[in-house]
Amino acid sequence: MLDFSLSTVTSLLVFILLLPLIGVFLLLLIPASNCSLLKNIALNVSCITYVLSLFLWVFFNKSIGSFQFVSKLLWIPFLNFNFSVGIDGISLFFILLTTLLIFLCILISWTSVKKNIKEFLIAFLVMEFFLIGVFSILDLLLFYIFFESVLIPMYLIVGVWGSRERKIKAAYFFFLYTLLGSVLMLLSILYIYYQIGTTDYEVLLTFIFSKTEQKFLWFSFFSSFATKVPMVPVHLWLPEAHVEAPTAGSVILAGVLLKLGTYGFLRFSFPLFPEASFYFAPIVYLFSIIGIVYTSFTAIRQTDFKRIIAYTSVAHMNLVMVGLFSFNTIGLEGAILQSLSHGFVASALFLIIGIVYERHHTRMVKYYGGLVHTMPLYTFIFLFFTMSNIGLPGTGSFVGEFLILAGSFKTNTSATFISATSMIIGGCYSLWLFNRISYGNLKIQYLKDYVDINKREALIFLPLILGTIVIGLYPGIFLSSMHMSVNMLVEITHIHNIHMIISNKNFIFS
């Protein structure tokens, strides 16, 4: 039996955070010409990071909702800035998803990336460092730094290793949309610091902002998080970035980066600005519903394989927003579970696109047909994730969507009814796409050489398939770990909201 001391377990999160940087340092020491060694080091570092992150789950105490594996380091003492990390049941699974997908992204790019391989691998390990930091940092200012720093490696991945001529435009789209949305957030963080004297998250939880302050601060945070989700109308960067990004870039973009916005709402907007969150909930519902319906119908009329899946991602993440703003345990747990499921399913769908793109160098749907005759294993996996994408019972998306709709039904039945139409529309475009690609006659006038998936590609799909099935059949193992943290978040949000209303002598809320 392994014997871990308390100090070892406590520092485990810090080591996981720093491990990708150690990998970057090793890669910098190796000549760019030694591609095989570079790939093996990056793969092994990402694999070790993922395995160690599983120990976070093993040693996680499900019976408490407070932060665990907490480590604090004095950063700038005279300004009261501290480097503090820790995780709860909400951030735990986002870290696990990040470490798994980074490992798979390096495997995905094993043969497809031909140029600047060293820089490509460094970009992914640096991104892993920033993403783990985003989900574990317990300081508002440092969260902002990590939150925005993720843009840098992703911008390079799209702009340098993108697949088509418009990749520079797509990279600028991605960078400017998401950066400009965060300017107001930075100003609000500075305001909070000068009001309270610290940006320590656990200290901020004890402070109650005035009604007016909450509204302005919530809106500034919303401008940043809504762009990351993304919500309509600030979603236009996503289809462009997805279409131009390499396969690995699309996988990490859909699998993890889209979760930064929803995580920001959970971690900061709800507990710090609870009354404003309740106040603006109808507007969020409205934009989310528009996003669900509009992007679902938009996906039907697309002709580019990647653009279709990109619009479906927008629809699914807007459905997650409906669950978040239900402000109850069922809806919040459903939103987190749907985010995890989407991380598996959307990543697999972009990988499915990447496989045929590597072979035929086109993503136009009209050039494909009849793949079931020549690529049966590929078609079977495509069918599985198509069914998962539309929420087939037994898959993770079904459980997530069911909990979201059950939670939002308690809050707003009209919004729930309209949001549920996404499952019907989603079935239309998903089955239409699968039918066009898999059945019919082979279009040998366009494509002649058909090769089914190889062992490396099958190995990449395996954890995504298992993750989707486990969430669908045994969601309890995930829900049990996040339940106490979600309950604590709901209690903090409602207690702060009630306190604010009582102080204003306004008893409308019950």
Side-chain angles (χ1 to χ4, degrees), residues 177-178 180-182 184-185 188 211-212 214-239 258-266 268-270 272-300 310-328 330-332 334-336 338-339 342 391 400-426 429 490 493-494 497 508-509:
Y177 258 81
T178 53
L180 290 176
S182 299
L184 289 176
M185 181 179 170
S188 294
K211 184 176 181 180
T212 304
Q214 283 199 38
K215 289 180 180 179
F216 280 105
L217 293 173
W218 185 93
F219 181 78
S220 64
F221 277 66
F222 176 78
S223 66
S224 178
F225 297 149
T227 308
K228 288 286 198 301
V229 170
M231 299 180 69
V232 175
V234 288
H235 69 291
L236 297 176
W237 64 268
L238 182 64
L258 295 190
K259 315 303 181 290
L260 297 182
T262 54
Y263 177 78
F265 281 111
L266 283 167
F268 297 103
S269 296
F270 290 173
L272 298 183
F273 321 120
E275 187 183 11
S277 297
F278 279 86
Y279 181 82
F280 288 109
I283 298 175
V284 175
Y285 268 121
L286 177 62
F287 280 107
S288 298
I289 291 170
I290 293 172
I292 291 169
V293 177
Y294 168 72
T295 56
S296 296
F297 278 114
T298 305
I300 296 176
Y311 276 106
T312 67
S313 292
V314 178
H316 281 103
M317 294 311 298
N318 277 269
L319 181 62
V320 168
M321 291 296 295
V322 172
L324 289 182
F325 280 80
S326 64
F327 299 111
N328 56 58
I330 297 175
L332 289 172
I336 298 170
Q338 176 66 2
S339 295
H342 179 266
E401 290 178 2
F402 178 79
L403 291 176
I404 287 173
L405 296 176
S408 64
F409 187 80
K410 292 183 173 183
T411 307
N412 193 317
T413 54
S414 300
T416 305
F417 176 78
I418 300 173
S419 300
T421 60
S422 67
M423 302 178 73
I424 301 171
I425 306 171
Y429 59 67
V490 172
T493 304
H494 282 80
N497 192 51
I508 297 175
F509 177 77

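Only this structure's heavy atoms are used, side chains among them; waters, hydrogens and symmetry mates stay out. Please read all numbers here as calculations on a predicted model, not as lab measurements.
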CD-CG distance between Gln214 and Leu272, expressed to the nearest 0.5 angstrom: 9.0 Å

Under 3.5 Å side-chain donor-acceptor pair for Thr411 and Ser326: no

Gap separating the NZ atom of Lys259 from the CG atom of Leu266, nearest 0.5 angstrom: 13.0 Å

Gln338 side chain vs Val320 backbone, donor-acceptor pair below 3.5 Å: no

Tyr311: ring pair (Phe, Tyr, Trp, His ring centres under 6.0 Å) partners, not counting sequence neighbours: none

Side chain to side chain, His316 and Leu258, heavy atoms closer than 4.5 Å: no

Spatial distance of atom CE (Met317) from atom CG (Leu324) [nearest 0.5 Å]: 8.0 Å

Contact summary for Phe265 and Val229, nearest pair of heavy atoms: CE1-CG2, 4.1 Å

Ring pair (Phe, Tyr, Trp, His ring centres under 6.0 Å) partners of Phe280, counting only residues at least two apart: Trp218

Donor-acceptor under 3.5 Å (Ser224 side chain, Ser220 main chain): no

Flag, side chain of Asn318 to backbone of Ile292, donor-acceptor distance under 3.5 Å: no

Residue list, ring pair (Phe, Tyr, Trp, His ring centres under 6.0 Å) with Phe270, at least two apart or on another chain: Phe325, Phe327

Over all atoms of both residues, closest heavy-atom pair of Ala299 and Thr312: CB-CG2, 4.3 Å

Other residues, nucleotides, ligands: >12 heavy atoms within 6.0 Å of Phe268 CZ: yes

Closest heavy-atom pair and its distance - Leu405, Ser419: CD2-CB, 4.2 Å

Heavy-atom side-chain contact between Phe225 and Met185 under 4.5 Å: yes

Residue pair Val314 / Thr298, side-chain heavy-atom distance below 4.5 Å: no

Straight-line distance of Ile330 CD1 to Phe409 CZ, nearest 0.5 Å: 12.0 Å

Nearest atoms (heavy-atom pairs only) where Ile425 meets Ser296: CG2-CB, 3.4 Å

Ser269 backbone acceptor or donor facing Ser277 side chain under 3.5 Å: yes

Residue pair Ser408 / Tyr285: nearest heavy atoms and the distance that separates them: CB-OH, 4.1 Å

Spatial distance of atom OH (Tyr263) from atom NZ (Lys228) [nearest 0.5 Å]: 14.5 Å

Atom pair CZ/CG of Phe219 and Leu184 - distance to nearest 0.5 Å: 7.0 Å

Nearest non-hydrogen partners of Met231 and Val284, listed with the distance: CE-O, 3.9 Å

